[in-house]
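Take this structure, written in structure tokens, and hold onto it; I'll ask about it next.
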2 protein chains.
Amino acid sequence: MDAAEFRKRGKEMVDYVADYLEKIDKRQVFPDVEPGYLRPLIPDCAPQDPESFEDVFKDIEKIIMPGAASPACTELETVVLDWLGKMINLPEEFLAGKDGQGGGVIQGSASEATLVSLLAARTKTIRRVQSEKPEVTEAEIMGRLVAYASDQAHSSVERAALISGVKIKSVPSDERFTVCGSALKKVLEEDKAAGLIPFFFCATLGTTPCCSFDKLLELGPLCNRENIWMHIDAAYAGSAFICPEFRHLLNGVEFADSFNFNPHKWLLVNFDCSAMWVKKRSDLIGAFKLEPLYLQHHHQESGLVTDYRHWQIPLGRRFRSLKLWFVLRMYGVTGLQEHIRKHVRLSHQFERLVLQDERFEICAEVILGLVCFRLKGSNELNKALLKTINDAKKIHLVPCHLREKFVLRFAICSRTVECAHVQFAWQHISQLATELLETWEPNQQQQQEQEQC
Amino acid sequence: MDAAEFRKRGKEMVDYVADYLEKIDKRQVFPDVEPGYLRPLIPDCAPQDPESFEDVFKDIEKIIMPGAASPACTELETVVLDWLGKMINLPEEFLAGKDGQGGGVIQGSASEATLVSLLAARTKTIRRVQSEKPEVTEAEIMGRLVAYASDQAHSSVERAALISGVKIKSVPSDERFTVCGSALKKVLEEDKAAGLIPFFFCATLGTTPCCSFDKLLELGPLCNRENIWMHIDAAYAGSAFICPEFRHLLNGVEFADSFNFNPHKWLLVNFDCSAMWVKKRSDLIGAFKLEPLYLQHHHQESGLVTDYRHWQIPLGRRFRSLKLWFVLRMYGVTGLQEHIRKHVRLSHQFERLVLQDERFEICAEVILGLVCFRLKGSNELNKALLKTINDAKKIHLVPCHLREKFVLRFAICSRTVECAHVQFAWQHISQLATELLETWEPNQQQQQEQEQC
């Protein structure tokens, strides 16, 4: 949707809201529909091709309003996350379907998805250990639980462990910034020998520093054998899996217990919208609801009949599936694939420009929309380059450390980015690098001395 | 703002967004402002009288846009929560001010505020105990920690303890559904004698079932003496404290470590907007950030310089202070006070109608906008009445249990509610009660028999 159409549609929407407010006392206070009413009214999967705004908008009055906030808010979320799961070809077990035991939920952020899955794993493990050794107290088990993630994983994984009161350890990544099975195996064996209880591994697909991918096909079977919950954090990269040519990056998801990615990062949905799926919803519910009543409820809960308050940290919920539903329909699968492909094309364009300039080096394989690069030379030189770039305020880069190297990150993000923007950015960077290098040599020693003071 | 003005202003806003999108490449990618830029640009407190939409809207381009998302998003939140804190006359220690160690934050829900404060209390207590007895392990301490809340408290308090991996116990409320100091003292003494470590008490102001108030002036000093973190959950009732005549209900907040209420519940701000204040921000940060770097950062953090990602569960944040800022300015303090007062007047109007009908009884003192009432008679009779009311779908009531009694709750909620709505609702309830009672006697025994099957 361009600005001109947004102007038109936005105003129609304002009128719709004003009409609603003016006539609200004509509406019934409680809907007539029964739970499960929504699924038969909408298709089983997202449209391949874009639909018109009119068609989507008409469905608000036809499909959503009769179900008001409840149960429409819950049911649309379940159905649209089935759509999205199918778009990335998630195994059937993760979908809610008509009577599935898995399903999807919208969280606010990947941090919350990681926390929720870690809490579910914690409860599940405590119960398992207690059923095997009833003499061990919960506090003792808690003190021996240990979670794992790559040394490249996002800090939110460490934070989730902190909140949950369990230990967490980094698993060393290899020279491609990837965790492989043998690295995890080694840590697990040491820890088990020391009397710890490994219970949770967070695999990362698309790490924050350089968009590297952990080896699910090695890690997954290992976790399954060892009774370790495998959660996959694909916050950024997950959107790319809607393209068949990138779907192989998700191979091994069949071994996972939970999976998460953020449509608000790269699928044109406004913040916040973090999509999470689990294979066994009873595992999540078990972490948050411990009353004796629970089992009774659990057997009823499947497919569309979902009580999302047991799937998340807050109790209240916003109607976030509406925006996802609108975006999936207005772009269609093909429109969203084109968006992803354009970004990946443009990052490779930038990569080629970097590679053609022998003053620079590429620091990690370019797989999706992120290019890690730097001037060949010291970290101080690259810090100076970053400062010049960000001070000029034409473009903005966020750096990272890859091992001992200070690295610049060029990320393709905007909906409206084009080839010309990438060219402009590269010329700008290249020009600033030239100016920097002209004055760098004479000052370098002085700089270093200043830093030592 | 009525529907007609919403129609006009909403469309102006759509144009503003469309203009922004069309000219986005003319804007700088990073703001020129320095941290702390915002406070001098806006007043120290909320306006008493309403401002015009034009005046508020003008400030978007003037005050917000130069600070873009960062630091404007953070700084407006800190300043507007100082405004709101002053409106309810929170002690100075809870405010951020220029260089305060306290301050406010917008959470998504009261559940998150409770969890965040409980986690802060957990970390603080573990550190204190370890500094006194270095030989005790963290796991041992965790196993002995115990949190408390009223038997009338919201289920989210129990949930917060579950997530945090600590025990929680109910403190018995008295005949007015209130926790007093002696009740907490008794439980504390028993638990300390049993070797447990009491560390957290969640006081409730305005309980969910009947809007009762725990006795802060007794509980606060006790918690302070016993090194127990006192958090106050005033999710619903907190909005009323902007009126001087209700502010006494908050007396004792000076003993609390953290305080929370939901402007999205009763202050005309859209969901979600849960306002939380702490006296010592370093306590919150300590729960989420444990790196050695932390202390360095902590000394810098005060007043407007705030890193909210250490104050909450998710890392990402929305610009929620904008809606609070708009509402406070467009209503002014007097407009919002009038809104609260009207609701309380209307609930007393409903209370009088109930009291005039001797078939009914009032079940808890009416203090704010909630009336708990029932037909004199069995729980079955009242369940039947509720079913008739909700099946008719003219109004909608949510029930509760007060001790052994099944009780109907009449809650004044809507922005547009008037005297006539309350009269209509009461006539409707009264009529349905008459019809029910006409047929009830002969069926009552049969009903009871059915229930026994």
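In this text the structure is predicted, and so the values were computed from the model without any measurement. Below, chain A is the first sequence line, B the second, and so on; all start at residue 1.
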Heavy-atom neighbours of A/F424 CZ exceed 12 at 6.0 Å: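 Enclosed: over 12 neighbouring heavy atoms sit under 6.0 Å from CZ of A/F424.
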Heavy-atom contact with chain A under 4.5 Å, split by part of B/I395: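 Only the backbone of B/I395 comes within 4.5 Å of chain A.
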Residue selection (most heavy-atom pairs with chain B, distance under 4.5 Å) from A/N270, A/L21, A/I313, A/L115: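 The candidate making the most pairs under 4.5 Å is A/I313.
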Which of B/E140, B/E138, B/R318 touches chain A most, by non-hydrogen pairs under 4.5 Å: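 So the answer, after comparing B/E140, B/E138, B/R318, is B/R318.
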Distance in Å, A/M13 CE paired with B/K11 NZ, rounded so as to fall on 0.5 Å steps: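 Spacing of CE (A/M13) from NZ (B/K11) equals 13.0 Å.
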Contacting moiety of A/D2, where chain B heavy atoms sit under 4.5 Å: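 Interface part for A/D2: neither.
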Non-hydrogen atoms of A/A4 and B/E22 that approach each other most closely: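 Residues A/A4 and B/E22, closest heavy atoms: N-OE2, 4.3 Å.
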Shortest non-hydrogen contact between B/G143 and A/A139, atoms and distance: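 Heavy-atom minimum between the residues: CA-CB, 3.4 Å.
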Most contacts with chain A, counted as non-hydrogen pairs under 4.5 angstrom, among B/I24, B/D272, B/V29: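 Highest number of heavy-atom pairs under 4.5 Å: B/V29.
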Heavy-atom contact with chain B under 4.5 Å, split by part of A/R317: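 Just the backbone, heavy atoms under 4.5 Å.
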Heavy-atom donor-acceptor pair, A/R122 side chain to B/I163 backbone, under 3.5 Å: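 Indeed, once roles are kept as given, a pair shorter than 3.5 Å links the two residues.
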Among B/A18, B/P31, B/A3, residue most engaged with chain A (heavy-atom pairs, under 4.5 Å):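 Greatest number of close heavy-atom pairs with chain A: B/A18.
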Contacting moiety of A/L119, where chain B heavy atoms sit under 4.5 Å: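 Contact with chain B involves the side chain of A/L119 alone.
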Side chain, backbone, both or neither of A/D32 within contact of chain B (heavy atoms, under 4.5 Å):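 For A/D32, the contact with chain B is made by backbone and side chain together.
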Exceeds 12 heavy-atom contacts within 6.0 angstrom, atom NZ of B/K387: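 Counting other residues, nucleotides and ligands, NZ of B/K387 stays at 12 neighbours or fewer.
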Atom group of B/D19 that falls short of 4.5 Å from chain A, counting heavy atoms: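 Both parts, backbone and side chain.
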Where B/S109 and A/P314 come nearest, the two heavy atoms and their spacing: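 For B/S109 and A/P314, the tightest heavy-atom pair comes out as OG-CB, 3.3 Å.
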Part of A/H264 lying under 4.5 Å from any heavy atom of chain B: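 Contact with chain B involves no heavy atom of A/H264 at all.
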Pairs of heavy atoms under 4.5 Å with chain A: top-ranked of B/S164, B/S111, B/S155, B/S414: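 Sorted descending by pairs with chain A, the first entry is B/S111.
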Closest non-hydrogen atom pair, B/R309 against A/R159: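 Nearest heavy atoms, B/R309 then A/R159: O-NH2, 2.6 Å.
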Structural part of B/H154 lying under 4.5 Å from a heavy atom of chain A: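 Contact with chain A involves the side chain of B/H154 alone.
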Under 4.5 Å from any heavy atom of chain A - which part of B/L315: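 Both parts, heavy atoms under 4.5 Å.
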Contact check, side chains of A/V14 and B/R9, non-hydrogen atoms, under 4.5 Å: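 In short, these two side chains do not touch, never coming nearer than 4.5 Å.
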